[in-house]
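Worth saying up front: this structure is predicted, and the values here are computed from it rather than measured. All residue numbers refer to positions in the sequence shown, counting from 1. Below, each value reflects all heavy atoms present in this structure, side chains not excepted, and no hydrogens, waters or symmetry copies. Whatever order the structure lists ligands and atoms in, that order sets their numbers, starting from 1.
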Amino acid sequence: MRTFAHRKANGLFRPNKLLYMEIISNRILNMAESETLAMTAKARELKAQGKDVISLSIGEPDFNTPEIVKEAAKKAIDDNFTHYPPVPGYADLREAVCLKFKRDNNLEFKPEQIVVSTGAKQSIYQLVQCLINPGDEVIIPTPFWVSYKEIVRVAEGKCIYVKTSLENDFKVTPEQLEAAITPKTKLIMFSSPSNPTGMLYSKEELRAIAAVVARHENLFVMADEIYEHINFVGRHESLAQFPEVRDRVITVNGVAKGFAMTGWRIGFIAAPTPIAKACNKLQGQVTSATCSIAQKAAACAMLLDPATSDDIINMRRIFQQRRDMVYQLLCDIPGLKVRLPQGAFYFFPDVSSYYGKSFNGQKIENSTDMAFYLLNEANVATVMGSAFGDDACIRLSYATSEELLREALRRIKEALANLR
Ligand code: GLU
């Protein structure tokens with residue numbers, strides 16, 4: 001690996017002609033771009049050029065933030081909540097988060113265990129920075145959410161991928177986990193409901209996973225529950241509910257998905273106090289704290305009970321209707337292998353039976369070819385499965401209107417039928 005000094009000493013650095021490869025750190029050069037965001041940017045760009053692109057790429061509710069939450073934000077401005085908030089978040093927000101954990105998950109936390117950050121992504125980033133030393137092993141059940149891998153790599157952790165199968169609803173088994181654990185394993189990156197598969201673990205499945213974790217005393221779990229409220233099978237089950245792993249599970253959640261608040265950028269962790277303290281220390285050097293106004297809005301959102309809030313119930317009902325519709329449409333396309341997701345708002349169909357086929361001399365060899373083929377020929381933006389560690393699949397987000405979903409699936413079907 002060439003260092004900056006090496007480049008300079010060898011005349012490879014030309015200050016008047018700054019080349020990306022020459023000036024950017026190896027850390028960033030070696031990092032993959034977020035494919036979910038890259039495909040979304042691509043779709044936006046094509047739309048701006050006047051192309052009729054339907055974007056099924058980003059995972060973002062197409063609903064508006066509840067009115068009451070918007071009002072709380074407006075009030076925060078009027079009340080002059082415009083100064084630096086405390087680093088881990090306002091006390092009332094952290095208390096509201098504790099209340100949420102008690103109400104929705106029957107988990108007891110103290111405000112000092114909560115750190116509020118600029119989205120669950122930053123929460124996960126900080127957590128990994130705080131737990132992982134170079135060479136520590138991190139188990140990532142695959143398929144995984146796109147940023148887990150890069151977040152671990154940037155901390156110089158070693159990603160240990162545990163491949164799950166469509167036949168097992170993309171869920172990792174306790175036996176698989178046990179087999180992947182070594183004395184160097186520090187963390188498991190776990191999510192339920194899962195992005196990109198939409199699958200979720202039952203209480204019994206979680207209990208079995210907790211039993212494996214409990215047997216290894218230096219092992220921690222990052223439990224990503226950001227899709228908690230988009231669950232079509234019943235009550236959300238948290239991994240942290242099992243006493244034997246209670247002090248080794250760090251639960252990550254936020255307001256983006258469940259409350260249609262992606263742009264507000266509020267995520268949080270509930271962690272053992274020493275871990276929360278470490279994340280707080282890091283955050284103090286990185287962002288100081290997250291946006292004061294967004295925090296006040298989030299505190300209001302936390303008080304909405306998902307069991308009775310019309311906004312949340314309505315959103316979930318609509319997502320479920322769309323899921324059922326898209327499932328029928330996908331089942332209607334020859335050659336796809338597809339599971340019925342139980343939560344989140346994604347499908348992750350296996351499209352590999354089309355690999356090796358061509359259209360107009362363009363051969364589809366992998367999920368990237370497939371995603372670009374669908375973008376260019378069908379004007380539908382998806383995300384390649386390789387971004388999530390499974391090249392046989394592509395991810396479709398159904399967080400858009402039924403009308404657009406119908407049209408997108410019609411186009412996909414037609415484009416796939418053209419492959420020979
Ligand atoms: N989490 C969403 C997704 O997977 C938003 C984009 C991102 O941060 O990756 O599409």
Novice: Mark up the atoms of ligand 1 that fall under 4.0 Å of a heavy atom belonging to Y346, in ascending order.
Specialist: 2 (C), 3 (C), 4 (O), 10 (O)
Novice: Give the residue and atom name of whichever protein heavy atom lies nearest to atom 5 (C) of ligand 1, and the separation in Å to one decimal.
Specialist: K257 NZ, 3.7 Å
Novice: Applying a heavy-atom cut-off of 4.0 Å, say which part of E35 lies close to ligand 1: side chain, backbone, both or neither.
Specialist: neither
Novice: Determine whether more than 12 heavy atoms belonging to other residues, nucleotides or ligands lie under 6.0 Å from atom CZ of R44.
Specialist: no
Novice: Only heavy atoms of K121, strictly under 4.0 Å: list the atoms of ligand 1 that pass.
Specialist: 7 (C), 8 (O)
Novice: So does K70 have more than 12 non-hydrogen atoms from other groups sitting under 6.0 Å from NZ?
Specialist: yes
Novice: Evaluate I58 for polar contact with ligand 1, using N/O atom pairs at a separation under 3.5 Å.
Specialist: no
Novice: Would you indicate which of T36, L37, N195 comes nearest to atom 9 (O) of ligand 1 when only heavy atoms are counted?
Specialist: T36
Novice: Is there a side-chain contact between Y346 and L396 (heavy atoms, below 4.5 Å)?
Specialist: no
Novice: Taking C-beta and beyond as the side chain, do V138 and C159 meet within less than 4.5 Å on heavy atoms?
Specialist: no
Novice: Heavy-atom distances under 4.0 Å are what count here, so tell me which part of R395 touches ligand 1: side chain, backbone, both or neither.
Specialist: side chain
Novice: Regarding K186 and N133, is there a side-chain donor-to-acceptor distance under 3.5 Å anywhere?
Specialist: no
Novice: Could you tell me if the side chain of E95 sits less than 4.5 Å from the side chain of I114, heavy atoms only?
Specialist: no
